[in-house]
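We name chains A, B, ... by the order of the sequence lines, and we start the count at 1 in each one. This structure is a prediction, so every number in the text was calculated from the model and none was measured.
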There are 2 protein chains.
Amino acid sequence: MSVSIADVAKRAKVSISTVSRVINRRNIVNPKTRERVDVAIRELGYRPNAFARGLMLKKSDIVGLVLPDLHGEFYSEIIRGASAQARRDGYNLVIASTQDGDDSHTILHAVSQRAILDGLAVMVSELNGRVRDTLTKLRLPFVVLDDDIPGAPHDSVLIDQGSGARALVRHLIETRGARRIIFVGGLETNVDTIARFKAYREELERAGITAREQDVFYLDYRYETAYELARERACEWAGPGSCVFAANDEMAAGIIAAAVACRIKLPADLGVVGFEDTRIARMTSPPLTTVRVPMARMGEEALRLLCRRIAEPDSPAVRVSLEPELIVRDSCAIRSRE
Amino acid sequence: MSVSIADVAKRAKVSISTVSRVINRRNIVNPKTRERVDVAIRELGYRPNAFARGLMLKKSDIVGLVLPDLHGEFYSEIIRGASAQARRDGYNLVIASTQDGDDSHTILHAVSQRAILDGLAVMVSELNGRVRDTLTKLRLPFVVLDDDIPGAPHDSVLIDQGSGARALVRHLIETRGARRIIFVGGLETNVDTIARFKAYREELERAGITAREQDVFYLDYRYETAYELARERACEWAGPGSCVFAANDEMAAGIIAAAVACRIKLPADLGVVGFEDTRIARMTSPPLTTVRVPMARMGEEALRLLCRRIAEPDSPAVRVSLEPELIVRDSCAIRSRE
DNA sequence: TTGTAGGCGTTATCAC
DNA sequence: GTGATAACGCCTACAA
């Protein structure tokens with residue numbers, strides 16, 4: 001039914017091996033016969049069977065990207081970066097994510113059983129020993145995203161959360177002259193929130209500001225909950241030296257909206273900063289000062305690393321750390337008193 | 001190096017075919033030998049070679065999803081829906097998108113050459129004859145997203161833009177009592193914009209309202225440009241019977257922000273509605289009345305159709321049309337005068 | 001119920 | 001420069 005290399009060979013009146021040669025190393029075959037073969041290929045609409053090919057070459061040119069979730073701009077951008085880099089390296093990209101309660105193992109198995117992967121880029125919410133175990137058992141080149149295990153024997157790419165958060169808090173204190181900074185994080189167990197909070201606390205100490213416990217809140221990264229919180233507290237927060245450090249842009253947007261609803265003047269009476277620099281950071285009024293997290297870059301670097309490891313399996317493990325960038329807009333303008 | 005079926009056979013002291021049987025049709029083999037084989041498989045950590053398997057079965061359990069772009073919530077949600085459904089059907093999902101100037105053909109070829117796909121779900125910006133041509137030449141089961149060609153010989157899933165837009169405009173006119181509706185679209189050539197504009201115009205006529213040419217604008221779906229436009233025009237637009245119909249939420253958000261900046265009272269003096277019901281629709285003040293476009297559903301349905309077609313290649317072509325849903329929030333509240 | 005043998009479509013290793 | 005032929009790892013008649 002499907003046209004095979006033998007059909008081409010017959011039509012071009014050459015042997016199978018010659019056809020194979022013009023496909024893989026066309027320069028070592030006589031131009032005239034090569035031409036004949038090319039014609040035959042075109043006429044028959046021949047396309048090499050990838051299975052047979054893979055069987056010989058032990059290579060599928062497919063790599064996988066496993067994510068803990070597919071909701072929101074964060075993952076979407078990682079996919080975008082990864083997809084672009086995969087294509088540049090000549091690979092196709094399989095996307096998978098844990099969903100509806102199944103855990104990382106399930107998805108790792110599902111993906112690697114069914115698919116024919118040359119490698120795997122993995123980001124999981126909890127990269128515990130067990131996950132890393134199944135990962136190595138797969139005997140597949142792999143790289144880990146956004147999980148910092150110093151000295152780990154595998155490639156990893158991560159974002160220096162601390163550096164970004166520190167720059168942000170320093171900006172608040174030094175440029176804005178903030179003396180009181182309210183921290184609104186995501187879940188208390190979230191790794192990003194933890195990293196950002198740590199930096200927040202350190203910078204506060206460095207500046208000799210005492211961090212008050214009642215100024216720290218843990219929510220869920222969502223606009224609505226942040227809005228509600230701020231609706232209740234904003235009046236108490238407001239003051240010339242006050243700022244809110246929200247652990248992501250969406251919550252920052254909620255806080256801004258609530259503050260406006262409370263007739264608080266932004267940024268004069270309350271500064272607000274976010275984190276991530278997602279699309280909405282440009283859509284708040286005033287536009288949001290935030291930290292740009294290179295999400296697409298992360299996907300890109302992960303794939304670059306992965307493809308390199310596939311090519312050179314024994315090269316030493318690499319750890320790429322991406323620097324976030326402070327983006328100053330208007331939600332936390334210049335210090336209110338000189 | 002890698003453990004093959006022969007190794008398992010040797011270890012279990014059975015023939016290769018027996019091992020193959022316990023893998024594929026375990027019930028037809030004696031429980032005792034089956035047990036022996038199972039043990040051997042586990043001890044050796046054997047996993048069938050997917051290439052060899054595919055070579056026989058002519059099946060990879062991988063399907064592809066080709067998108068015109070990977071930016072933004074729209075595509076991200078499609079991927080999410082598609083990914084979930086693929087997994088439910090036992091398939092892995094390869095994602096690819098056109099990028100940096102290359103066209104649909106390039107990506108279609110790249111994907112189908114390298115990968116080993118059982119089928120393809122395709123969404124392209126311009127599904128002209130040429131694309132459909134290469135698509136059929138691939139001799140792959142495929143389904144088309146968001147491109148309405150009545151009577152086309154392939155499966156397709158699309159969103160009934162017109163129905164959503166009509167419901168929205170009718171809401172504006174009947175509930176709000178709008179007498180003047182400003183239309184702010186994306187690019188004039190964009191299919192979605194065209195469909196939404198058509199519905200807009202029809203409903204206006206039906207209500208006996210004359211559509212004024214100077215009330216129709218074509219932008220680019222972005223917040224910033226919509227903001228600028230509204231910054232200039234909002235004062236002129238404002239009025240008790242006035243509404244703005246933005247062709248997506250992001251532009252609607254821009255218009256709201258600009259109107260607020262112009263000290264126009266929303267929704268009293270100007271109603272604003274969007275389209276898509278993305279995340280930002282809940283983040284504007286006031287929250288946006290809009291039309292929910294079932295993006296994830298689209299990805300999901302596309303994959304459902306695709307997998308069905310792979311299973312039954314000769315079933316008649318199906319055309320699934322998804323209904324958007326009017327979401328009433330506050331950006332265009334009840335009619336201002338009774 | 002189990003084993004033997006042929007074939008799936010390639011690429012690689014030889015000879016010629 | 002070209003042509004046989006043996007892998008690659010698996011599935012499936014067919015025979016036992």
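For B:Val29, the side-chain atoms get nearest to C:dT2 when compared with the rest of C:dT2, C:dG3, C:dT10.
Considering every non-hydrogen atom in both B:Asp146 and B:Phe74, the closest pair reads OD2-CZ, 4.5 Å. Of all heavy-atom pairs between A:Tyr91 and A:Val63, the closest is CD2-CG1, 3.7 Å.
Note that CZ of A:Arg139 and NZ of A:Lys137 are 10.5 Å apart. Values are rounded to the nearest 0.5 Å.
Salt-bridge formation is not detected for the pair A:Glu35/A:Lys32: no Lys NZ or Arg NE/NH1/NH2 atom is positioned less than 4.0 Å from an Asp or Glu carboxylate oxygen. Electrostatic pairing of A:Arg42 and A:Asp38 does not count as a salt bridge here, judged by no charged N lying under 4.0 Å from a carboxylate O.
Atom CD1 in B:Ile16 sits about 11 Å away from atom C1' in C:dA5, given to the nearest Å. Atom CD1 of A:Ile5 is separated from atom P of C:dC8 by 14 Å (rounded to the nearest Å). Spacing between atom CG of B:Leu55 and atom C1' of C:dG6 amounts to 13 Å, rounded to whole angstrom units. When the C1' atom of C:dG3 is taken as reference, atom CZ of B:Arg36 falls 13 Å away, rounded to whole Å. Rounded to whole Å, atom C1' of C:dT10 lies 14 Å from atom CG of A:Asp7. One can place CG of A:Leu57 at 17 Å from P of C:dG9, the figure rounded to the nearest angstrom.
Within the 4.0 Å cut-off from OP1 or OP2 of C:dG3, at least one side-chain nitrogen or oxygen of B:Thr18 is found. Phosphate proximity of C:dG9 to A:Arg53: absent, as no side-chain N or O sits under 4.0 Å from OP1 or OP2.
Nucleotides of DNA chain C nearest to B:Met56 and B:Lys13 differ in position, and the one nearer the 5' end is that of B:Lys13.
At the heavy-atom level, B:Ser17 lies under 4.0 Å from base atoms of the strands shown.
Residues from residues 20-28 of chain B that place a heavy atom under 4.0 Å from any atom of DNA chain D, listed by number: B:Ser20, B:Arg21, B:Asn24, B:Arg25.
Judged by distance alone with a 3.5 Å cut-off, no donor-acceptor contact links the side chain of B:Thr33 to the base of C:dT1.
For DNA chain D, the outermost nucleotides in 5' to 3' order that have an atom under 4.0 Å from a heavy atom of chain A are D:dG1 to D:dG9.
Checking each of A:Val111, A:Leu120, A:Leu117 against A:Leu138 for a side chain to side chain contact (heavy atoms under 4.5 Å, CB included) leaves exactly one that passes, namely A:Leu120.
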